[in-house]
Amino acid sequence: MAKRWTNRPEGSTWGDFGDDDELGRINLITREKVLEGVAEVQAGISFCLSLPLDYPGGTALNQRRYPPRLAPTEDMRGNPEVFFNVLMRDMDEGDPGFLDVWSDDAVTLWLQYSTQWDSLAHVGAEFDADGDGVEEAVYYNGYRAGVDLVGPSADARGDGHGHASFAHHLGLEHMAFHGVQGRGVLVDLAHHLGHDWRGVDLATLQEIMAADGVVVEPGDMLLFHTGFATKVLEWGRDPDPRAIHRSCSYLDAQDDALLQWIADSQISALVADNYAVEGMVRPRKDGERYTLLPIHHLCLFKLGVPLGELWYLHELAEWLRAHDRSR
């Protein structure tokens, strides 16, 4: 396929893994990194890193994201489908019938309601990828909005209702096929900072990492434990509408040094147990166009680093600290 851009964002990895790459820095999870992850397994203990998918509850965290809607399908005797009709037709006369009890469910799921990955299809930017002085709406590696990633349209499904949207490229299926198993490194912000709502700049992060002996190497998946997901569980699907936006630490995306550190670290993925990894705060304006979420812009649009959000890290962080480990 022809190269889809002639001009790439400064500091980006566009093209570094190939013109048609859709993995970004997940490519850094090599066979060697998988073996490094395997080498960390000593106790054989598993930890669930997901919240229940109906948490945080309500829409206080984001008015556009709703709890899952779960419904049963009809049971076999109430479902006049072909399968049941054929089954009954084929039963012998006098057959006393079957004794099975069936459960079959359907769910409507908002994919960013609870524990999630932000794929590279989540955030793009207006950028002059053609080098002709005109900005286009593009995503990582120059994939185009409206061509490679198509939003809702009246004819998207051919039914006139406009319900469909498609990410023809940059979806999570590429991560799933490649595999996202390697070495994780956890930074326990909650242990050092408590549950106060505050930004963490590079200086603070490096102090905490030095205190705990945390070392991050290229290809590692970096996790931040802030305690936010623990608070979400404590609220029991009924979060305080103010506290849910003013609890626990977050990465200070207004700190240019922190952004540069993320880029230089060559991490393969960035994960936190909070809402968006970075804080939803008023952006810095310096007279130029700006991004509302600088870490999203850097990681998803420029570097190809997927973001994990609302992961549940409480038990994992406690166990690691009790055993003087961070990997």
Side-chain angles (χ1 to χ4, degrees), residues 1 3-5 8-9 11-41 47 49-50 111-112 115-125 129 138-144 148-149 166-187 214-224 251 253 258-273 276-278 293-311 313 316 326-327:
M1 184 178 293
K3 193 172 183 178
R4 58 181 49 81
W5 53 268
R8 74 177 189 173
S12 76
T13 63
W14 290 19
D16 288 359
F17 303 106
D19 292 344
D20 300 325
D21 175 58
E22 301 186 44
L23 283 174
R25 283 191 170 171
I26 289 293
N27 282 289
L28 298 180
I29 304 179
T30 60
R31 294 175 63 180
E32 290 74 22
K33 292 304 298 187
V34 173
L35 292 175
E36 287 179 4
V38 170
E40 297 294 337
V41 179
F47 295 91
L49 304 185
S50 176
L111 298 180
Q112 291 183 284
T115 300
Q116 61 184 271
W117 279 111
D118 277 357
S119 78
L120 306 186
H122 179 45
V123 171
V138 291
Y139 291 78
Y140 170 76
N141 214 13
Y143 285 95
R144 303 301 174 99
D148 303 306
L149 293 91
F166 302 98
H168 298 297
H169 294 279
L170 303 178
L172 288 176
E173 69 273 16
H174 303 290
M175 287 173 59
F177 184 82
H178 176 276
V180 191
Q181 292 78 39
R183 184 169 64 200
V185 179
L186 186 139
V187 179
V214 178
V215 177
V216 177
E217 299 180 53
D220 287 344
M221 291 172 272
L222 181 58
L223 292 77
F224 288 101
L251 296 188
L258 177 62
L259 298 180
Q260 190 61 53
W261 182 86
I262 291 171
D264 293 342
S265 69
Q266 296 189 67
I267 54 173
S268 57
L270 180 57
V271 174
D273 63 348
V277 182
E278 58 191 305
L293 296 171
I295 289 179
H296 281 62
H297 181 78
L298 172 68
C299 289
L300 300 178
F301 175 63
K302 287 187 174 183
L303 300 179
V305 173
L307 300 176
E309 299 171 350
L310 287 171
W311 287 33
L313 302 176
L316 174 62
S326 60
R327 293 180 167 183

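Counting only residues at least two apart or on different chains, no side-chain hydrogen bond (donor to acceptor under 3.5 Å, both in side chains) pair has a member in residues 297-308.
For A129, the side chain to side chain contact (heavy atoms under 4.5 Å, CB included) criterion is met by W5, W14, F127, E136, V138, R144, not counting sequence neighbours. Listed by chain and residue number, E32 satisfy the side chain to side chain donor-acceptor pair (under 3.5 Å) test with T30 (two or more places apart in sequence, or in another chain). In this view, Q112 and R65, Q116, D118, H122 satisfy the side chain to side chain donor-acceptor pair (under 3.5 Å) rule, not counting sequence neighbours. For E36, the salt bridge (Lys or Arg N to Asp or Glu O under 4.0 Å) partners at least two apart in sequence or on another chain are K33, R183. Applying the side chain to side chain contact (heavy atoms under 4.5 Å, CB included) test to S119 and every residue at least two apart in sequence or in another chain returns A121, L172. With sequence neighbours excluded, the residues that form a side chain to side chain donor-acceptor pair (under 3.5 Å) with D21 are N27, Y140. Remark: V215 pairs with E217, R327 by the side chain to side chain contact (heavy atoms under 4.5 Å, CB included) rule, at least two apart or across chains. Here L293 pairs with E278, M280, H296 under the side chain to side chain contact (heavy atoms under 4.5 Å, CB included) rule; sequence neighbours left out.
Rounded to the nearest 0.5 angstrom, D220 CG and L270 CG are separated by 12.5 Å. Rounding to the nearest 0.5 Å places CG of L300 at 4.5 Å from CG of L307. Distance check, rounded to the nearest 0.5 Å: OG1 of T115 to CD of E309 gives 10.5 Å. Between L258 atom CG and I295 atom CD1 the span is 5.5 Å, to the nearest 0.5 Å.
A donor-acceptor contact shorter than 3.5 Å is absent between the side chain of S326 and the backbone of L186. N141 contributes a side-chain N or O that, together with a main-chain N or O of G18, makes up a donor-acceptor pair within less than 3.5 Å. Remark: side-chain polar atoms of S12 are not paired, donor with acceptor, to backbone N or O of L303 under 3.5 angstrom.
A pairwise comparison of heavy atoms in A253 and L259 identifies O-CD1, 3.7 Å as the closest pair. Shortest non-hydrogen contact noted between H178 and I29 is CE1-O, 3.2 Å. Taking each heavy atom of L120 and Y139 in turn, the nearest pair found is O-CD2, 3.8 Å. Among all heavy-atom pairs drawn from M221 and V180, the shortest one is SD-CG1, 3.7 Å. In this structure, G219 and S268 approach most closely via the heavy-atom pair O-OG, 2.9 Å.
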**OP:** Dump the intermediate steps for side chain to side chain contact (heavy atoms under 4.5 Å, CB included) on F17 and L23, then the final yes or no.
**Re:** CA-CA 8 Å; F17 303 106; L23 283 174; over 6 Å; no
Original post:
Between Y143 and D20, does a side chain to side chain contact (heavy atoms under 4.5 Å, CB included) hold up when you go through it step by step?
Top reply: CA-CA 9 Å; Y143 285 95; D20 300 325; 4.0 Å; yes
